[in-house]
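Everything below concerns the one structure shown next.
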Amino acid sequence: MSMKDGAVANTWRTESAAESIKLRLPEAVSPAFIRLIEEAEEADAKALRRQVFAAETEKISLPYESADPLGESRYCVTPFLVHQYTNRVLMLTSGRCLSYCRYCFRRGFTARRQGWIPDTEIEKITDYLKQNPDIKEILVSGGDPMSGTLGQLEALLKRLRQTSPELLIRLCTRAPIFAPELFTEELLQLLKSMKPLWIIPHINHPAELGFEQKKAIDSCINAGLPMQSQSVLLRGVNNSVETLCALFHTLVCMGVKPGYLFQMDLAPGTAEFRVPLSQALGLWRELRKKLSGLSLPQFAVDLPGGGGKFPLSILALYDTIVKKDDADSFSALGLDGKVYTYPV
């Protein structure tokens, strides 16, 4: 099976942004997340509620928004496999989530609540992996792969591991936050047996790290499962230096490496969540002053239309370059505001 640009039909991505608005994202909130909201201070509770309860603004689609903001349809090998980067692929296991985030960039897929990936599609994906040995990593995502049953997840991971013993599996999930009760000893033993495997939890706010959530994350760390988080910069949720500093420092103390802080994608109905880029860049510059390299995530955006990830930290630091002296040296502003030169 070869990959050709746009060769595979993927109907959930072919709608216009306006058409996708008509297909409303479900409103479903897990019991664990409801408990977090109930136990949080009012300001934190507001930030949590904003992420999961629908608002009228979701019905508004702006001209530059797209039902496929990441341009994934350009890279579809099958309706459930995206191959955009040479050494890794994205697998869509399910259109279902444990709770539905109102800022979801893949809402055209999750709004349909597509069930678990069929065995025939898994077979196509494993065949593709066998035929493309340059693929070293697979992102198991969706929706949320943890929305499937333990049996479904086990069968899927075993198929992937049998296909390629050295394949790095990234389990991308909100389960530690939305459904920490899923992290039973049986699940932990399964994940341990599938190494090399990383858990990539999506965590946006320090108030998401309640007792149950911390217990689930600790159980993964103690089981030897490495974790790297990703977060989305959301207006009215975490767009403050204090909130993000608290989140990233707490994660590092727990053993979770903050991986990415993402600028919002241009998905329809999500404008209310987007932080203006100039403000976002200024916020990251302040984070850089307050956090160590261990605690500071990469600040990035997925370029609209399929351009891939772009490190916005380059833009954030652009103004600090005072002078490029020649091909091998430059002068720049240090954190103290003084000019420093790195020579040949």
Side-chain angles (χ1 to χ4, degrees), residues 47 50-51 62 64-66 69-71 84-85 88 101 103-105 139 172 200-206 208 227-253 256-267 270-343:
R50 182 169 167 77
Q51 294 185 67
L62 301 181
Y64 52 78
E65 293 176 336
S66 168
L70 272 61
Q84 182 172 4
Y85 304 99
R88 58 197 182 276
C101 300
Y103 51 87
C104 179
F105 71 87
L139 284 70
C172 307
I200 312 297
H202 177 170
I203 307 171
N204 293 325
H205 194 282
E208 296 179 16
M227 303 182 80
Q228 176 176 285
S229 70
Q230 62 178 23
S231 306
V232 181
L233 183 61
L234 302 168
R235 185 166 65 177
V237 175
N238 60 8
N239 59 317
S240 78
V241 173
E242 294 75 20
T243 298
L244 290 175
C245 279
L247 172 62
F248 299 141
H249 179 70
T250 300
L251 288 172
V252 169
C253 288
V256 180
K257 175 68 179 79
Y260 278 105
L261 174 64
F262 284 110
Q263 177 72 358
M264 275 283 301
D265 298 311
L266 303 179
T270 63
E272 184 67 19
F273 285 101
R274 280 196 289 278
V275 177
L277 185 57
S278 60
Q279 294 179 21
L281 295 173
L283 190 152
W284 190 86
R285 282 193 289 266
E286 290 302 310
L287 287 177
R288 180 172 171 264
K289 295 177 183 178
K290 295 178 179 294
L291 294 173
S292 70
L294 184 62
S295 300
L296 186 68
Q298 173 79 271
F299 183 36
V301 67
D302 281 287
L303 297 174
K309 286 184 176 57
F310 178 81
L312 285 174
S313 47
I314 291 177
L315 287 183
L317 298 178
Y318 181 80
D319 289 340
T320 68
I321 303 296
V322 177
K323 182 176 61 171
K324 191 173 187 303
D325 301 307
D326 54 46
D328 297 305
S329 66
F330 70 97
S331 298
L333 293 178
L335 291 176
D336 57 3
K338 298 179 181 179
V339 176
Y340 296 86
T341 299
Y342 187 87

Side chain of Ser231, backbone of Ile203: donor and acceptor closer than 3.5 Å? yes
All heavy atoms of Pro201 vs all of Gln228, minimum pair found to be CD-O, 3.3 Å
Checking Leu291 against Phe248 for the side-chain contact (heavy atoms from CB on, under 4.5 Å) test, could you report, in this order, the C-alpha distance in whole Å, the side-chain angles of both residues, the deciding distance, and whether it holds? CA-CA 8 Å; Leu291 294 173; Phe248 299 141; 3.9 Å; yes
Parallel, tilted or perpendicular: rings of Phe273 and Tyr103 (30°, 60°): perpendicular
Kindly compute the distance separating CD1 (Ile314) from CZ (Phe299), expressed to the nearest 0.5 Å. 12.5 Å
Rounded distance (nearest 0.5 Å) linking atom CG of Leu244 with atom NE2 of His205: 8.5 Å
Shortest non-hydrogen pair, Asp265 vs Thr270, comes out as O-OG1, 3.7 Å
Atom pair CG (Leu247) and CG (Asn204), whose distance is rounded to the nearest 0.5 Å: 7.5 Å
Leu277 side chain reached by Leu312 side chain, heavy atoms, under 4.5 Å: yes
N/O donor-acceptor pair under 3.5 Å between Asp302 side chain and Leu70 backbone: no
Interatomic spacing from CZ in Phe105 to CD in Glu65 - rounded to 0.5 Å: 14.5 Å
Working to the nearest 0.5 angstrom, can you tell me the gap between Glu208 CD and His202 NE2? 7.0 Å
Between Leu139 and Ile200, does a side-chain contact (heavy atoms from CB on, under 4.5 Å) hold up when you go through it step by step? CA-CA 9 Å; Leu139 284 70; Ile200 312 297; over 6 Å; no
Drop me the distance from Leu315's CG to Phe310's CZ, to the nearest 0.5 angstrom. 4.5 Å
Closest non-hydrogen contact found for Ala316 with Leu281 is N-CD2, 3.8 Å
Donor-acceptor pair, Gln298 side chain versus Pro311 backbone, under 3.5 Å? no
Over all heavy atoms of both residues, which pair between Ser295 and Pro258 is shortest? Give the atoms and the distance, please. O-CG, 3.5 Å
Backbone N/O of Leu317 and side chain of Arg285: donor-acceptor pair under 3.5 Å: no
Side chains of Gln279 and Asn239: do they bring a donor and an acceptor to under 3.5 Å? no
Under 3.5 Å, is there a donor-acceptor pair between the side chain of Arg50 and the main chain of Arg235? yes
Can you check side-chain contact (heavy atoms from CB on, under 4.5 Å) on Leu266 and Ser66, steps first, answer last? CA-CA 6 Å; Leu266 303 179; Ser66 168; 5.9 Å; no
Which pair of heavy atoms, one from Leu234 and one from Met264, lies closest together, and at what distance? CD2-SD, 3.5 Å
So which atom in Ala280 and which in Gln263 form the shortest heavy-atom distance, rounded to 0.1 Å? CB-OE1, 3.4 Å
